[in-house]
Amino acid sequence: MTGIVPERARAEDGRKWVAGNYSFSDELGGFMITGISGKGTRDDPVVIQEELQSASPVTLVIRAQGIVPSYAFGDDSGFGFTYFRIVTLNNSGLAWVEFEFELQEIKGQPSLFGDGLSFDQRRMDAESIHSDAFQQYSRDFEPYDRLRFLEGKVDPLKSAAFSFLVTDFTPRAQFYIVQDPHIPSS
């Protein structure tokens with residue numbers, strides 16, 4: 001089952017959202033996937049449409065569909081190199097002034113250099129990183145792998161799109177992307 005799934009799909013319902021070589025789940029709560037499409041290539045990224053219902057961090061669960069090779073290389077390999085575009089509706093009732101993504105190979109633990117998982121850490125120009133709502137970004141490596149979008153704003157009931165490449169030189173069957181909208185300090 002590939003492409004946009006018309007019903008709300010949660011892992012406990014026995015349905016899953018599939019695009020490219022991965023399935024995606026909002027099973028840990030706090031947000032809702034509303035659509036998905038794409039193969040994960042540069043020309044056809046995995047596009048995840050979602051709605052965040054709070055300004056608290058949420059975790060997207062990503063699972064490989066099929067056998068993951070021990071080593072995958074190349075932008076179109078399917079495993080190990082996945083282009084993402086995440087379109088997020090702010091239904092939190094609060095404006096977001098930053099938005100952060102963090103990769104985790106093990107839930108709740110920072111991604112380390114040895115796990116091979118990163119926001120394309122091998123390239124410093126990072127031409128694949130972009131947002132329509134934020135003008136700048138910063139990346140943190142080791143012991144975390146974080147991508148923070150800055151200098152922008154997403155008002156309630158507005159959407160923001162984020163594009164980036166996730167590379168994993170030692171692909172695993174499951175990993176996580178923690179999404180953390182930041183609200184203004186009082």
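Computation of the quantities below employed the complete heavy-atom set of this structure, encompassing side-chain atoms and omitting hydrogens, waters and symmetry-equivalent molecules.
S118 and L103 get closest at one heavy-atom pair: C-CD1, 3.3 Å. Among all heavy-atom pairs drawn from S25 and L60, the shortest one is O-CD1, 3.6 Å. Of all heavy-atom pairs between Q109 and Q104, the closest is O-CG, 3.3 Å. A19 approaches F24 most closely through the heavy-atom pair O-CE1, 3.7 Å. Summarising the geometry of A95 relative to N90, their closest heavy-atom pair is CA-ND2, 4.2 Å, with the distance given to 0.1 Å. For E105 against L117, the heavy-atom pair with the smallest separation is N-CD2, 3.8 Å.
Residue D43 holds its CG atom at 9.0 Å from OH of Y83, rounded to the nearest 0.5 Å. Remark: I183 CD1 to L94 CG distance equals 5.0 Å, nearest 0.5 Å. Rounding to the nearest 0.5 angstrom, the gap separating the CD atom in E102 from the CZ atom in F119 is 8.5 Å. In this structure, CD1 in I86 is found 9.0 Å from CD1 in I33, a value given to the nearest 0.5 Å. Here the CZ-CD distance, from R63 to E27, works out to 4.0 Å after rounding to the nearest 0.5 Å. Note that CD of Q65 and OH of Y22 are 10.5 Å apart. Values are rounded to the nearest 0.5 Å.
Under a hydrophobic clustering in which Ile, Leu, Val, Met, Phe, Trp and Tyr are joined whenever their side-chain heavy atoms come within less than 4.5 Å, directly or via other members, L147 and I62 fall into the same cluster. No path of Ile, Leu, Val, Met, Phe, Trp and Tyr side chains, each step under 4.5 Å between heavy atoms, connects L89 with I36, placing them in separate hydrophobic clusters. Under the 4.5 Å side-chain heavy-atom criterion for ILVMFWY residues, no single connected hydrophobic cluster contains both F99 and V178. By the criterion of side-chain heavy atoms lying less than 4.5 angstrom apart, applied directly or through intervening Ile, Leu, Val, Met, Phe, Trp or Tyr residues, I177 is grouped together with F134 in one hydrophobic cluster.
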Q: With side chain to side chain contact (heavy atoms under 4.5 Å, CB included) as the test, would you mind laying out the steps for V46 and T82 before giving the verdict?
A: CA-CA 8 Å; V46 169; T82 306; 4.1 Å; yes

Q: Apply side chain to side chain contact (heavy atoms under 4.5 Å, CB included) to the pair V166 and F175, showing each step before the final yes or no.
A: CA-CA 11 Å; V166 172; F175 65 97; 4.3 Å; yes

Q) Between V58 and L52, is a side chain to side chain contact (heavy atoms under 4.5 Å, CB included) present by the stated rule, with each step listed? A) CA-CA 8 Å; V58 298; L52 272 67; 4.1 Å; yes

(Q) Between R146 and D180, does the side chain to side chain contact (heavy atoms under 4.5 Å, CB included) criterion hold? Intermediate values first, please. (A) CA-CA 10 Å; R146 292 181 178 152; D180 188 0; over 6 Å; no

Q: Determine, step by step, whether F162 and F149 satisfy the ring pair (Phe, Tyr, Trp, His ring centres under 6.0 Å) criterion, reporting the C-alpha distance in whole Å, the side-chain angles of both residues, the deciding distance to 0.1 Å, and the verdict.
A: CA-CA 9 Å; F162 305 93; F149 289 91; 5.0 Å; yes

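Side-chain atoms of V87 and I48, non-hydrogen and from C-beta on, never get closer than 4.5 Å to each other. A 4.5 Å side-chain heavy-atom check between K153 and K158 finds every atom pair outside the cut-off.
Between the side chains of Y137 and Q135, not a single donor N or O lies within less than 3.5 Å of an accepting N or O. Under the 3.5 Å distance criterion, with hydrogens and angles disregarded, a donor-acceptor pair is assigned to the side chains of Q179 and E50. No hydrogens or angles considered: nothing links the side chains of S92 and S54 as a donor-acceptor pair under 3.5 Å. In the model, E51 has a side-chain atom that pairs as donor or acceptor with a side-chain atom of N91 under 3.5 Å.
Between F164 and F101, the gap from one ring centroid to the other is short of 6.0 Å.
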